[in-house]
Amino acid sequence: MTLLGVELWRGEIDLVSPFRTSFGTEASRELLYVRAVGDSHAGWGECVAMVEPNYSSEYLENCIQVVSRFLVPLLRADSSAEEFVSLAAPIRGNYMSKACVEAALLDLRLRQQNISLAKFLGATKTRVASGVSVGIQDSLDDLVRVVGEYLALGYLRVKLKIEPGTDIELVRTVRKEFGDELLLQVDANAAYTSADAEHLKKLDEFNLLLIEQPLPEDDLAGHVKLAKIINTPVCLDESITSFDTARGALDLEACSIINIKPGRVGGYLEAKKIHDLCLSRGVPVWCGGMLETGIGRAANLALAALPGFTLPGDISASARYFARDITKPFTLENGHIEVPNTVGIGAKPLPEMLADFKKIATFEIAAN
Ligand code: NPQ
Ligand code: MG
């Protein structure tokens with residue numbers, strides 16, 4: 001049951017179509033993996049940071065620095081994921097860096113103990129309801145076509161990216177085209193300000209499941225005020241970086257739904273604590289996505305199989321983003337994706353795909 005070493009692997013996979021949000025357009029996914037090497041097993045963790053600090057303050061190069069200089073040195077041959085998390089606690093922020101190291105260690109330890117991540121976390125479902133995040137399109141016709149294609153594939157919920165000037169008409173068009181039964185929500189990625197409250201109130205007529213992160217991540221007070229003005233439930237994403245920020249947002253009534261992303265909160269152990277808190281308070285949660293490949297997607301499926309994940313998440317099929325995934329592809333079956341039930345995260349890179357990736361760092365872990 002030992003940890004012998006840690007490796008960092010880098011690569012890039014093109015997206016099947018550009019993904020436009022209020023903070024930019026992505027055409028490919030630059031990737032960073034952590035590999036935790038044991039005596040007879042290896043664990044993999046995926047870093048969800050983007051190349052540029054546009055979604056949050058973390059970015060891929062910075063994660064490589066933080067993982068190499070501050071996190072790997074904390075590891076011991078017998079470190080558990082729980083020990084790593086407590087040793088890393090004094091290092092402020094850097095949630096995505098911590099999460100990918102924790103995930104690799106968790107995958108390794110669970111493989112060594114012959115347990116699946118789903119079982120370890122307390123999963124109660126064998127498949128999870130799948131939604132899709134739809135980027136901003138060049139025209140309303142394009143949007144209707146793209147949404148139609150996803151619904152034909154069986155996705156159970158549609159999330160539309162919005163930004164100032166590209167919002168009300170977008171939602172009206174999709175609601176009119178696909179009907180009142182469609183599970184529909186929007187995500188602003190923090191693009192509005194409190195001054196837009198009356199404008200955002202116009203979305204109330206479209207019976208949306210939620211509006212996600214309308215205001216800047218640190219404007220909790222603005223979300224409290226907005227939640228009192230609009231009827232559409234407010235869901236927070238970027239603002240929730242830990243158990244404490246989740247509890248605080250709920251105590252202040254800044255939101256009534258939470259998008260849980262393990263990478264954004266420092267890992268699966270913290271994500272589970274947030275899940276348990278929300279379950280105890282009857283607050284719906286759903287699993288967000290960061291355009292993960294199969295390594296991150298497999299682990300997120302285990303998390304989303306917990307009982308409190310009652311809304312369809314952004315864990316889409318691999319094909320939503322990638323023509324070829326780093327792992328065996330995750331596919332949509334009747335609007336759902338199967339939860340891996342084999343040991344660890346239940347997935348690992350395909351050798352032929354990993355061949356295009358570069359091992360950029362190797363660290364030996366001192367025996368105890
Ligand atoms: C969100 N995810 O919920 C994020 C935004 C996002 C599925 O909408 C590369 C890496 C590109 C992460 C683009 C979804 C990304 C990204 C958008 C995350 O806010
Ligand atoms: Mg979001």
Side-chain angles (χ1 to χ4, degrees), residues 10-33 46-63 95-96 99-100 130-137 146-147 150 155 157-163 167 184-192 208-217 223 233-241 246 249 255 257-265 271 285-297 300-301 304 311-322 325-326 330 337:
R10 271 208 75 174
E12 181 176 11
I13 301 180
D14 289 339
L15 299 182
V16 290
S17 57
F19 188 52
R20 181 181 153 201
T21 70
S22 62
F23 60 72
T25 301
E26 307 294 316
S28 71
R29 188 64 171 101
E30 292 235 11
L31 296 158
L32 172 67
Y33 299 119
E46 178 166 350
C47 179
V48 299
M50 301 171 66
V51 171
E52 293 160 352
N54 296 337
Y55 166 82
S56 76
S57 61
E58 293 187 78
Y59 59 100
L60 221 144
E61 280 297 331
N62 124 260
C63 292
Y95 309 100
M96 297 176 180
C100 58
S130 182
V132 64
S133 179
V134 181
I136 295 169
Q137 306 294 317
V146 167
V147 170
Y150 288 134
Y155 283 105
R157 179 274 276 152
V158 168
K159 163 169 134 171
L160 302 176
K161 292 291 188 180
I162 61 171
E163 63 184 0
D167 45 24
L184 187 60
Q185 61 192 63
V186 296
D187 185 357
N189 287 106
Y192 297 85
L208 296 173
L209 278 173
L210 58 92
I211 178 168
E212 184 180 341
Q213 200 68 44
L215 309 179
E217 69 177 270
H223 284 103
V234 172
C235 171
L236 289 179
D237 173 354
E238 289 89 328
S239 292
I240 307 299
T241 54
C255 66
I257 299 174
I258 290 181
N259 166 335
I260 297 181
K261 291 175 179 174
R264 193 195 64 222
V265 300
V285 301
W286 53 283
C287 188
M290 291 291 284
L291 282 61
E292 291 92 341
T293 64
I295 297 293
R297 202 166 295 274
N300 288 354
L301 284 164
L311 294 171
D314 274 348
I315 307 176
S316 309
S318 298
R320 160 69 187 85
Y321 296 111
F322 311 112
D325 199 337
I326 189 89
F330 290 91
I337 300 181

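Just follow the structure's listing: the first ligand is 1, and inside any ligand the first atom is 1.
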request  = Of the side chain and backbone of Met290, name the one, both, or neither that has a heavy atom under 4.0 Å from an atom of ligand 1.
outcome  = both
key: the Mg ion (ligand 2) to Asp187: nearest N/O/S atom name   = OD2
query = Does Arg29 come within less than 4.0 Å of Glu292, counting only side-chain N to carboxylate O?
reply = no
inquiry  = With respect to Met50, determine whether any N or O atom, backbone or side chain, lies less than 3.5 Å from an N or O atom of ligand 1.
reply    = no
message = Tell me whether Lys261 has any N or O atom under 3.5 angstrom from an N or O of ligand 1.
response = yes
inquiry  = Pairing donors with acceptors under 3.5 angstrom, does anything connect the side chains of Glu238 and Ser56?
reply    = no
request  = Carefully, step by step, assess Arg297 and Asp314 under the rule salt bridge (Lys or Arg N to Asp or Glu O under 4.0 Å).
outcome  = CA-CA 10 Å; Arg297 202 166 295 274; Asp314 274 348; over 6 Å; no
message = Quick check: Tyr321 and ligand 1, any N/O pair under 3.5 Å apart?
response = no
query = So is Asp187 polar-close to ligand 1, meaning N/O to N/O under 3.5 Å?
reply = yes
ask   = Does an N or O from Arg29, backbone or side chain, lie closer than 3.5 Å to an N or O of ligand 1?
value = no
message = What is the name of the N/O/S atom of Asp237 that is nearest to the Mg ion (ligand 2)?
response = OD2
inquiry  = Can you confirm, on distance only, whether ligand 1 has an N/O atom lying under 3.5 Å from any N/O atom belonging to Asp237?
reply    = yes
query = Should Lys159 be counted as touching ligand 1, given the test is an N or O pair under 3.5 Å?
reply = yes
remark   = Here the N/O/S atom of Glu212 closest to the Mg ion (ligand 2) would be OE2
query = Can we say Glu61 and Arg10 salt-bridge, meaning some charged N sits less than 4.0 Å from an Asp/Glu carboxylate O?
reply = yes
query = Considering only protein heavy atoms, which is closest to atom 15 (C) of ligand 1, and at what distance to one decimal place?
reply = Leu291 CD1, 3.8 Å
task = Decide whether an N or O pair under 3.5 Å exists between Asn259 and ligand 1.
result = no
note = protein heavy-atom neighbour closest to atom 5 (C) of ligand 1 works out as Lys161 NZ, 3.5 Å
ask   = Which residue and non-hydrogen atom of the protein lie closest to atom 2 (N) of ligand 1, and at what distance in Å?
value = Gly289 O, 2.8 Å
